[in-house]
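As structure tokens, the structure follows; a few thoughts come after it.
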Amino acid sequence: MDEVAAIPAEGRKARLDELGGPIPVSPARKEAEAQHEKEHGLPPLPGAEEGKVVLRLAPFPSGSLHIGNARGLFVNEEYRRRYHGKFYLVFDDTVGSEEKRPVPESYDLILRDMEAAGIRPDAIYYKSDRLELYYRDVPRLLDLGAAYVCTCPAELLRKNRETGVACGERDREPTWQREQWVGMLGGRYEPGEAVVRVKTDMGHPNPAFRDRVLFRISDFDHPRVGKKYRVWPMLEYAFAIDDVLLGITHVIRGKELIIEDMMEEALWSALGLKGPTFLHWGLLRIRETKISKSKSYKDVKSGAYDGWADPRTWSLSSLARRGIRPEAIRQFILSFGLSQADIEVPAETLYAENRRLLDPTTARRSFVPSPRRLRVEGMPTDLRAARLANHPEHPEMGEREVALSDLFFLPEADLLKNVGKEIRLKDLINVQLPPELPASEPGQGGINAAPEVVARFTDRPNKPLPRIQWVAAPGAVAVDVFTLDDPHLLGMGEAALASAKEGDLFQFERFGFARADPQPLDAAAARRFIFAHP
RNA sequence: GCUCCUGUAGUCUAGUGGUCAAGGAUAGAGGCCUCUCGAGCCUUUGACGCGGGUUCAAAUCCCGCCAGGAGCACCA
């Protein structure tokens, strides 16, 4: 396979002709190719040359990178890896609009998210550093009659575009146009009073393509360059220039930007430049999320969310904080290929991917959500400690010792479900539950508020009973678990959890995977965990 | 409304004219295993949007329809 790939494309074809037809493919090689294809999941890049592919990701800095942006990250990264090319991060930080402004802290957030995803760009660029480069070709475009200055009010411009009517200044001579451009740069116009538009065709069948705006005026105080510039390019113009200057070979992005590709191509043809090849993917939605950057931004700002790493933002750093591995996200994303179909995928698919990675290596621990105290009457006095395996299938992962008394914590829900029955405290003993649980006194909350449930020890051997996880009272620690449903789920964890270090991953038996977070949220909790998934 | 894109099982995907009586993943069902409602193993249900055409042969090509989606900002 590599040998064939090493023959230049033309040479390969000549060779085929020489042999009088396609080389027969051996079954073994066919299989190997299928395997190769399966691993990568993405089609080959058209016209890609080994070592010469240059890609870019261009986020607008208005918040953290979330799972939706992961596609741009992992698909580009995959091609960089496959062709040993380059991958640039280009901050698309022009002024934006009234509703959409660059947010200063986003630059760091995005870098942090990329790091969380395990992807390091080969270079980082900022559009806000490159305004002069964008201005450079404007006079030429005006001279060529490929662009013009339009002083229509925004509403009129829009209306004319809809009806296909050309604005008055569209066909004025280049000298006039250049003078207006100088005027724009020099402060003659206020925001909204003049724009530069590309001259396509006011009768173009696609109304979206009619004489789009290339530059507009804004007084916005930009987080990086302040008020140094008033004339800002639109995304498509800035990229028409940068994609060429940075030597980008392939632009892979969402299909919502197809019009912008066409604009870039129109500009290249006007300027006599050659740009990259475009590829697109369709919309990706994660079923149980309605991620909105602006909503997240509001909730982060107001403090309703625990910063941008709050799992509810679905930011990449929040996924890392939950213990979702970049490799799981990568597999998840690449499995969608490059189809332009719009898709909606359940988060469960991502979780399944992550579970596959985590399960074999993650130590088991006991955590009891919404606990109730259970006192075991007749607890054997010789039973002062238990040794529990860290992983049921991997004895080499060792065991831990748990100190015992006659007092335990068990999930109240499981006790309710099994009143009057015999249950097994998993890996330990069997007990008989009372016919009903003593009612909680109204008023007081908290773990120790409800009266103890008293159960009776029956015996020790394993029996086919409902097996419930438990936490022994000696050394038990209050644990705070952040789940998507309940950001503040309080429970009891086994003593070993007290010494968990940030980043430690556990599978809480009968509960799910969680990762130790640095700071406990609740003063009452000894440790805080962020829930990943069941 | 206009422009463009997409339609393979519940979901995602492979498939580029015959080897497809359609493969994989995930979810569902059943079983085995397991002192977790986790993992693993086995079995199993389930799909080419519809209608025409081209062809010896169509999931694959063409046309029409239908259904979804995106764009139609002086946002990105």
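Quick caveat: nothing in here was measured; it's all calculated off a predicted structure. In the text below, chain A, chain B and the rest are named by the order of the sequence lines, each starting its count at 1.
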**OP:** Take A/P534 and A/V345, find for each the nucleotide of RNA chain B with the closest heavy atom, and name the residue whose nucleotide sits nearer the 5' end.
**Re:** A/V345
Original post:
What integer distance in Å separates A/N354:CG from B/G38:C1'?
Top reply: 13 Å
Original post:
In whole angstroms, how far is the P atom of B/U13 from the CZ atom of A/F332?
Top reply: 11 Å
Original post:
At under 4.0 Å between heavy atoms, what does A/T362 touch on the DNA or RNA strands: base, sugar-phosphate, or nothing?
Top reply: nothing
Subject >> Inter-nucleotide P distance (B/U55, B/G46), Å rounded >> reply: 35 Å
Original post:
Are A/R101 and A/F220 in a cation-pi setup, meaning NZ or CZ lies under 6.0 angstrom from the ring centre and within 45 degrees of the ring axis?
Top reply: yes
**OP:** Describe the nucleic acid contact of A/N69 in one word from base, sugar-phosphate, nothing, applying a heavy-atom distance below 4.0 Å.
**Re:** nothing
Original post:
With sugar-phosphate meaning primed atoms plus P, OP1 and OP2, does A/Q340 contact a base, only sugar-phosphate, or nothing at under 4.0 Å between heavy atoms?
Top reply: sugar-phosphate
Original post:
Just how far, in rounded Å, is P of B/U26 from CD of A/E344?
Top reply: 20 Å
Original post:
Are A/V471 and A/P371 close enough that some pair of their side-chain heavy atoms sits under 4.5 Å apart?
Top reply: no
Subject >> A/R322 to A/W314, cation-pi by 6.0 Å centre distance and 45° axis angle >> reply: yes
Subject >> Interatomic distance, A/I329 CD1 vs B/C12 C1' [rounded to whole Å] >> reply: 17 Å
Subject >> Axial cation check for A/Y125 ring with A/R56, 6.0 Å and 45° limits >> reply: no
**OP:** Hey, which sits more toward the 5' end of RNA chain B by its nearest nucleotide, A/H204 or A/E353?
**Re:** A/H204
Original post:
If only side-chain N and O atoms of A/S339 are considered, is one of them under 4.0 Å from the OP1 or OP2 phosphate oxygen of B/U13?
Top reply: yes
**OP:** Answer with yes or no whether A/R364 presents, from its side chain, a donor or acceptor under 3.5 Å of a partner atom in the base of B/U36.
**Re:** yes
Original post:
Do the side-chain N or O atoms of A/R356 get closer than 4.0 angstrom to the phosphate oxygens (OP1, OP2) of B/G38?
Top reply: no
Original post:
Taking only residues two or more places apart in sequence or in another chain, which ones pass ring-ring contact (aromatic ring centres under 6.0 Å, His included) with A/F513?
Top reply: A/H533
Original post:
A/F511 and A/F531: aromatic ring centres closer than 6.0 Å?
Top reply: yes
Original post:
Can you tell me the Watson-Crick or wobble partner of B/A25, both distances under 3.5 angstrom?
Top reply: B/U11
What N/O pairs connect the protein and nucleotides 27-35 of chain B at under 3.5 Å? Give each pair on its own line.
unit_1	atom_1	unit_2	atom_2	d
B/A27	OP1	A/E348	OE2	3.4
B/C35	O4'	A/N462	ND2	3.3
B/C35	O2'	A/K426	NZ	3.2
B/C35	O2	A/R424	NE	2.8
B/C35	O2	A/D427	N	2.7
B/C35	N3	A/R424	NE	2.9
B/C35	N3	A/R424	NH2	2.5
B/C35	N3	A/D427	N	3.4
B/C35	N4	A/R424	NH2	2.7

**OP:** Could you run through nucleotides 70-76 of chain B and give me one letter per nucleotide, 5' to 3': B if any protein heavy atom sits under 4.0 Å from the base, S if only the sugar-phosphate is that close, - if neither?
**Re:** SBSBBBB
Original post:
Is the ring centre of A/F529 less than 6.0 Å from the ring centre of A/F508?
Top reply: yes
Subject >> Inter-nucleotide P distance (B/G23, B/A59), Å rounded >> reply: 14 Å
**OP:** With C1' as the reference atom in both, quote the distance from B/U3 to B/G17 in angstrom, rounded to an integer.
**Re:** 32 Å
**OP:** Validate the cation-pi geometry between A/K127 and A/F60: distance from NZ or CZ to the six-membered ring centre under 6.0 Å, angle to the ring axis within 45°.
**Re:** no
Original post:
Got a donor-acceptor contact below 3.5 angstrom from the A/Y229 side chain to the A/S128 backbone?
Top reply: no
